[in-house]
Amino acid sequence: MTDLDTIVSLCKRRGFIFQSSEVYGGFGGFWDYGPLGVELKRNVKEAWWRAMVQERADIVGIDGSIIMHPQTWVASGHVAGFIEPLVDCKRCKQRFRADHVGGEVCPECGGELTEPRWFNTMFKTFVGPVEEDAAVAYMRPETAQSIFVNFKNVQVTTRRKLPFGIAQIGKAFRNEITPGKFTFRSREFEQMEVEYFVKPGTDEEWHRHWFQERMNWYIRYGIKPANLRLRPHDPDELAHYAKACADVEFNFPFGWSELEGIANRTDFDLKQHAQYSGEDLRYYDEEQKEHVLPFVIEPSAGADRSTLAFLLNAYEEEPDKEGSRVVLRFHKQIAPYKVAVLPLSRKENLVTVAKDVWARLRPHFMTTYDDAQSIGRRYRRQDEIGTPYCVTVDFQTVEQDQAVTIRDRDTMEQIRVPIAELVDVFKEKLA
Ligand code: GAP
């Protein structure tokens, strides 16, 4: 595993991730995805959606609003309970989360810390033109709540029977006291959450099912099993809504840390929303002829943390003729670009054919084009951003055989393929 600084600098240099508002000196806890990063993160989200929604018969998706009725957050317990203990250093004035620093003295300068003050990490805003208490609303700190308040809408419109799940990918916001470790802890981030509704009594079995499902998903998309583990929470770590929880953890350069939480939320949320809204959110079980409030198993993953884990996991540096080559060995479906088209030189006849090849591939695959510097350098540039295949157009292509060379990122093997067959060959290779 490489160190975090290497990945941060690769991300900036190649256009994966930039500091937000960099021209103004950046803005703590906010990040922008550049041309490569946006593709990478989209692929992570699509791989999740494919596995959770498309391939399963028992999960449907929604896309809820970020700002919800403020009562949502009273009912969910976030207004009262989404709080963190804040301490200040009396000497250097730095601010920390008390549970992160643990000890009595400042980790930066050794100074004395203040008593903890409790601080709600939901971002507040005002809806409508008047900035008064009655108009206060919150930026959602988790996507889950719009799933809970839509439980009945979705169940009725899709005529689902238990067990079934509702999935959502979307932004969440937390005014973290100490954002950091690159995108790992940000103030604006994206979650990929499933709320899986089950009959009470079957919840523990489903909880175990989801542990396995989610571990398998990361491995399917190339996370090395040695970099992953499942860690059950101690009772004193549990969120206010959870009966049990286990985290999927990744072996980050700063230690094993949470990628995803898989919680048994019981019937807590539906019960709270039923009580605060006055709506009956129970499910009618036609077999048992009774109304039940479903229990919920929640696999809740972070799109940004997963993206960072995919980057770290893929990074390899290996010796070669020119010193060393850096390769991001992304799974093909995760890689930002699938193919790079490279004319051997900038001779006009080569460039014309190469641009034609690029145009043929673009409708089918995310494809890039590069004609600057030596072919060896260009292969290295594509290796460094994880492009699985390079296509080289050379003199033989234009003068003799209308065929091109495909070079494989991982094996570095080269094969010759007629241009006319290129799309089909890549459809097979990238399937
Ligand atoms: N609905 C449950 C929930 O929100 P969580 O453990 O607080 O649970 C779930 O968050 C996931 O969201 C985390 O595992 C992490 O991947 C991501 N996440 C949470 N806070 C984050 C932050 N400040 N920055 C980046 N990702 C975050």
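Indexing begins at 1, ligand by ligand and atom by atom, following the structure's order. Values below: all heavy atoms of this structure, side chains included; hydrogens, waters and symmetry mates excluded.
- No more than 12 heavy atoms of other residues, nucleotides or ligands lie within 6.0 Å of CZ in F27, so this atom counts as exposed by the packing criterion.
- Within ligand 1, the atoms closer than 4.0 Å to a non-hydrogen atom of E142 are 1 (N), 2 (C), 3 (C), 4 (O), numbered from 1 in the order shown.
- Among protein heavy atoms, atom 12 (O) of ligand 1 sits closest to Q191 NE2, 3.3 Å.
- Of the protein's heavy atoms, E298 OE1, 3.1 Å lies nearest to atom 2 (C) of ligand 1.
- Close contacts between ligand 1 and G261 involve ligand atoms 14 (O) [criterion: under 4.0 Å to a heavy atom].
- The N/O atoms of F184, backbone and side chain alike, include one that comes under 3.5 Å of an N/O atom in ligand 1.
- Using a 3.5 Å distance cut-off with no hydrogens or angles, the side chains of E142 and S300 do not pair a donor with an acceptor.
- Taking every non-hydrogen atom of E260 and a distance limit under 4.0 Å, the qualifying atoms of ligand 1 come out as 14 (O).
- Protein heavy atom nearest atom 18 (N) of ligand 1, with residue, atom name and distance: F189 CE1, 3.5 Å.
- Side-chain contact annotation: Q145 with T72, donor-acceptor N/O pair under 3.5 Å absent.
- The environment of NE2 in H69 is sparse: at most 12 heavy-atom neighbours from other residues, nucleotides or ligands sit within 6.0 Å.
- The nearest heavy-atom contact from the protein to atom 7 (O) of ligand 1 is R174 NH1, 2.8 Å.
- Backbone and side-chain nitrogen or oxygen atoms of G302 are examined, and one is located within less than 3.5 angstrom of a nitrogen or oxygen of ligand 1.
- Listed by number with element, the atoms of ligand 1 under 4.0 Å from a non-hydrogen atom of E193 are 1 (N), 2 (C), 3 (C), 4 (O).
- Contact annotation for R265 and ligand 1: only side-chain heavy atoms (C-beta onward) come within less than 4.0 Å of the ligand.
- Surrounding NZ of K224 are more than 12 heavy atoms belonging to other residues, nucleotides or ligands, all under 6.0 Å away.
- Looking at D267, D280, T266 one by one, the single match for side chain to side chain contact (heavy atoms under 4.5 Å, CB included) with L293 turns out to be D267.
- Ring pair F250/Y218: centre-to-centre distance not below 6.0 Å.
- In terms of polar-atom proximity, defined here as any N/O pair under 3.5 Å, S186 does make such a contact with ligand 1.
- Ring-centre distance between W31 and F182: below the 6.0 Å cut-off.
- The closest approach between a heavy atom of F173 and any atom of ligand 1 is not below 4.0 Å.
- Counting heavy atoms under 4.0 Å from ligand 1, residue L259 touches it through the backbone alone.
- Closest to atom 6 (O) of ligand 1, if we only count protein heavy atoms, is E258 OE2, 2.9 Å.
- Of the N and O atoms on the side chains of N43 and Y221, not one donor lies less than 3.5 Å from an acceptor on the other residue.
- For atom 11 (C) of ligand 1, the closest non-hydrogen atom on the protein side is S300 O, 3.6 Å.
- Of the protein's heavy atoms, R305 NH1, 3.5 Å lies nearest to atom 15 (C) of ligand 1.
- Ionic pairing of E279 and K152 is not present here: no N-O contact between side-chain nitrogen and carboxylate oxygen is shorter than 4.0 angstrom.
- Only side-chain heavy atoms of Y241 come within less than 4.0 Å of ligand 1; its backbone N, CA, C and O stay farther off.
- In this structure, Y283 has its ring center no closer than 6.0 Å to that of F197.
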